[in-house]
Amino acid sequence: MSIETTPSSTPDPEWERIVGGYVNAPGEAPVEKQTTPVDLMGDTPLTPAWTKTRTGWKSRATVGRVNTVRGFRKWLRRQATEHGHASQIGRGLRRTALWVQGTEGAQVTAARHELQQTQRDYKAAKWAHDRRLMPGKEKEKRRREMEGAFADSASAMSKYRSAQRDARMRRAVRGVAALAPIASVEGVGLQLLGAPGGLAATAATLATFALIGRRTTAGELYTDRDAKIGDGDRMTDDMVNRVYRSAKVIGSEDVVKLLSPCTLTADGSAWEVRLELPDGIPASKALGATPQLANGFGVSVQQVSQTKGEREDWLTLRVTLKVPFTGKPHKGPLLTAEKVNLWSPVPMAVSDRGDIMAVEWFEKTALFGGEPGAGKSAAANNPLLSAAMDVTADLYLADGKGGFDLAPFEPIAQMIDTDGDPEALLAILRHVWEVVLPGLKQTVKEHRVRKFSEALAAQDKRVRWTVLYIDEWASYMAAASQEQQKELDRLLRLITQQGRAYAAITICATQKPDSNAVPTGIRDILSTRWAGRCMTPEASDTILGKGRASAGYNAQRILKSQRGVGYLQTGETSEPVLTQSYFYTDEEVEVILRRAYELRKAAGVLPVVAEPEVTVLDHMIKAAAGTGRGNVTRAEVFAHLATVDVEFVQAKDESDERYRSRAGSALKERLAELGVEVAAVQFPRDGKRVWGWTLDALQDAR
């Protein structure tokens with residue numbers, strides 16, 4: 001077929017552009033139009049001329065290098081299977097040895113068996129003939145039988161030896177036939193090229209054996225049709241199409257279009273590919289077939305991850321080489337952070353692709369759910385600790401199960417309940433609704449803006465974050481009266497709905513977020529969701545939304561060994577993402593909260609209730625610790641108290657009876673108010689025995 005141009009025809013710019021693409025390199029100026037008819041497809045080679053330029057050769061070299069690396073990786077992974085070249089050479093050697101041995105062994109064995117049988121018959125006939133008390137005719141009969149058996153035995157021996165000679169001869173011929181080419185090739189190689197020739201001859205011999213052993217014992221040849229990632233094979237285009245067909249995602253005649261090559265991630269932990277589904281097949285169908293895809297790839301369902309792309313027919317497939325998130329949990333960034341700005345995205349977790357998942361908390365609310373032990377509290381610690389490290393955030397915390405999870409936050413929390421008391425939670429919600437939010441609304445009105453912003457926070461120090469965290473709402477509702485339940489529900493709903501524009505974050509955590517645990521009207525407006533391991537797909541859907549489990553986001557599939565793993569769904573992600581939240585030990589939480597306390601103290605924003613009351617006992621312990629001896633005298637205690645408390649007077653002389661009497665009475669009264677009694681003891685001091693207290697006794701009394 002040829003393409004012809006007619007000079008007399010009307011010029012067509014589009015046609016000129018297409019024709020110019022055959023003869024011009026990318027970026028080159030177009031050639032001058034030829035005035036004579038030219039058969040472009042006949043005169044111009046199909047390979048563009050620019051490929052022979054420096055840029056073209058460089059492009060070819062890049063493609064060749066990439067293909068070489070991929071080919072080597074494919075060969076390397078193949079070696080671990082029965083189709084590896086080492087296995088092929090071994091099979092070739094075994095098959096050659098079996099061919100040299102031949103089938104004559106069976107004939108020798110049969111002849112040997114026949115010889116052994118005739119020898120037994122001869123021995124039996126001879127024993128019967130050698131008996132002495134026997135009539136003459138019977139004796140003659142037994143003699144003839146013995147002679148016949150002897151003749152048969154001699155014939156069998158001759159056949160056996162003949163079979164042995166024939167087997168040795170045939171094996172020797174086949175052995176020569178098998179070894180002669182090897183010896184000839186080795187000899188010629190050594191004679192012509194020396195050691196390199198010998199190595200080349202050896203390689204040729206091994207290649208021959210590999211060719212002989214190419215087929216497996218079952219007669220199978222190497223093919224990607226049955227390759228599985230779980231067997232150590234690499235992901236290929238054919239494998240992806242085969243698996244999607246077997247999973248019934250696409251039809252037997254359909255083809256998945258690969259938008260990117262199947263590549264191994266840089267860290268070597270997973271295979272990834274971007275693909276386009278055929279027409280009429282939604283992404284939800286592929287997302288719901290994750291178990292079938294895992295079966296086709298030969299891996300567990302936890303190792304297969306699919307993510308929707310920008311279009312409904314685009315998917316990103318990722319198959320990890322081992323179950324993700326089964327190692328040590330990730331260390332959180334708050335351990336080294338000096339402070340946190342809640343106006344910026346807060347790192348919450350690490351995805352199964354190794355990406356850091358950060359959440360913007362302005363105008364956001366959150367729901368954390370999962371069965372006991374799924375890591376719900378550890379995941380919820382991330383926003384709470386981040387808020388603690390921001391001095392512009394006020395914390396209002398409530399723990400319905402009455403545990404110790406929130407106790408470390410008490411020194412910096414504006415209001416906190418760790419006893420699961422409905423009345424205490426009611427007081428917190430009333431304070432937020434009746435005191436905090438009205439003040440924030442007034443600030444917005446004064447600045448004549450719609451909502452808070454980081455720029456407004458820089459102008460007005462009254463712009464502060466309000467973080468309301470409620471753990472196990474169902475426990476509060478179960479312990480509350482009917483009137484309290486209505487009021488709690490009303491206040492929480494109002495705060496959640498209206499507080500978003502004023503930087504008020506509502507976070508709820510529960511084991512099973514049904515309508516009893518979190519009211520439906522509130523649960524539906526909690527935008528950020530984290531679903532840890534659940535007992536049923538329905539429980540997973542309760543957290544992430546109806547239909548998520550059938551679409552492939554089923555938290556029931558999370559293993560118990562995957563602590564802190566859950567599906568994170570935020571406003572920044574259109575679909576849930578499998579993540580592992582950052583984990584902080586109790587000791588690390590204490591360190592972070594101690595740093596948060598110092599930051600808030602320096603900024604002057606500590607709650608009034610957070611300042612610990614220094615008691616007489618604390619001063620006594622401080623006086624005892626200051627001596628460095630492990631004990632303190634009464635005079636030393638009185639002298640220390642006189643510097644910090646007006647009720648104690650400094651004596652001019654430690655033996656002053658009025659001083660000792662007044663100070664001693666005040667000390668007893670203060671200790672009695674605390675309900676503390678510390679017995680005084682005597683111990684040697686400066687060559688005499690004095691009265692005082694030991695540091696251990698004082699600390700035990702605290």
Side-chain angles (χ1 to χ4, degrees), residues 325 327-351 353-366 368 375-397 404-414 416 452-458 461 463-469 471 503-507 509 528 530 563-566 568 570-573 577 579-607 610:
F325 303 135
K328 293 183 179 180
H330 297 276
K331 291 292 184 181
L334 295 180
L335 292 173
T336 56
E338 295 183 1
K339 59 181 179 180
V340 172
N341 180 14
L342 284 182
W343 294 103
S344 301
V346 176
M348 292 279 296
V350 177
S351 72
R353 286 173 169 78
D355 301 326
I356 296 177
M357 303 299 297
V359 178
E360 293 184 359
W361 282 102
F362 181 63
E363 292 189 316
K364 299 292 176 60
T365 52
F368 291 82
K376 167 177 52 65
S377 298
N381 257 351
N382 285 275
L384 287 183
L385 291 174
S386 299
M389 292 289 289
D390 188 339
V391 297
T392 65
D394 295 329
L395 303 180
Y396 297 88
L397 313 177
F404 186 73
D405 293 343
L406 298 180
F409 291 85
E410 187 168 356
I412 61 173
Q414 297 293 330
I416 186 171
F452 282 177
S453 64
E454 187 174 5
L456 184 62
K461 299 301 181 183
V463 177
R464 298 183 60 80
W465 292 83
T466 303
V467 180
L468 174 62
Y469 176 78
D471 191 2
I505 305 172
T506 300
I507 302 176
T528 299
W530 185 90
R563 294 295 301 273
V565 175
L568 177 63
T570 68
E572 290 78 24
T573 56
V577 179
T579 63
Q580 184 178 45
S581 61
Y582 291 119
F583 176 74
Y584 299 96
T585 63
D586 293 342
E587 294 75 14
E588 292 170 343
V589 170
E590 292 286 350
V591 171
I592 295 172
L593 291 179
R594 195 177 304 120
R595 193 182 313 145
Y597 181 89
E598 296 299 330
L599 288 173
R600 292 170 178 267
K601 184 177 181 180
V605 294
L606 277 176

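Basis for what follows: all heavy atoms, side chains included, without hydrogens, waters or symmetry-related copies. A quick note: this is a predicted structure, and the numbers were derived from the prediction, not measured.
For the atom pair OG1 of T466 and OH of Y396, the computed distance is 6.0 Å after rounding to the nearest 0.5 Å. Within the model, atoms OG1 of T579 and CD1 of I356 stand 12.5 Å from one another, a figure rounded to the nearest 0.5 Å. Rounded to the nearest 0.5 angstrom, K601 NZ and I412 CD1 are separated by 14.0 Å. Note: Y584 OH to N381 CG = 9.0 Å, rounded to the nearest 0.5 Å.
No side-chain heavy atom of T570 sits under 4.5 Å from any side-chain heavy atom of W361. Side-chain contact between M357 and V577 is present, with heavy atoms from C-beta onward closer than 4.5 Å. Using a 4.5 Å cut-off on side-chain heavy atoms (C-beta onward), D390 and L599 make no contact. Between D471 and K376, the closest side-chain pair of non-hydrogen atoms falls below 4.5 Å. Side-chain contact between Q580 and V350: absent, with no pair of heavy atoms (C-beta onward) separated by less than 4.5 Å. Between T392 and V463, every side-chain heavy-atom pair lies at or beyond the 4.5 Å cut-off. Two residues are said to be in side-chain contact when any heavy atoms from C-beta on lie closer than 4.5 Å; V359 and P383 fail this criterion. In this structure, I505 and T365 have side chains that are not in contact, with every pair of non-hydrogen atoms separated by 4.5 Å or more.
Exactly one of I592, V591, L593 qualifies for a side chain to side chain contact (heavy atoms under 4.5 Å, CB included) with V589. That residue is L593. The only member of L406, L395, T506 that meets side chain to side chain contact (heavy atoms under 4.5 Å, CB included) when paired with Y469 is L406.
Aromatic ring pairs are classed by plane angle as parallel below 30°, tilted from 30° to 60° and perpendicular above 60°; the pair W530 and F368 is tilted. Between W343 and F362, the ring planes are tilted. Angles from 30° to 60° get that label.
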Could you walk me through whether E454 and N341 pass the side-chain contact (heavy atoms from CB on, under 4.5 Å) check? CA-CA 10 Å; E454 187 174 5; N341 180 14; 3.0 Å; yes
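Between A358 and P345, the shortest heavy-atom contact is CB-CB, 3.7 Å. E588 and F583 make their closest contact through OE1-O, 3.8 Å (heavy atoms, listed as atom of the first residue, atom of the second, distance). In terms of heavy atoms, A413 sits closest to L397 at CB-CD1, 4.2 Å. Residues P411 and L606 approach most closely at O-CD2, 4.0 Å, considering heavy atoms. For N382 against L334, the heavy-atom pair with the smallest separation is O-CD1, 4.3 Å. Smallest separation of non-hydrogen atoms from R595 and E338: CD-O, 4.3 Å.
Between the side chain of R600 and the main chain of A388, a donor-acceptor pair closer than 3.5 Å is present.
The environment of L335 atom CG is dense: over 12 non-hydrogen atoms of other residues, nucleotides or ligands sit within 6.0 angstrom.
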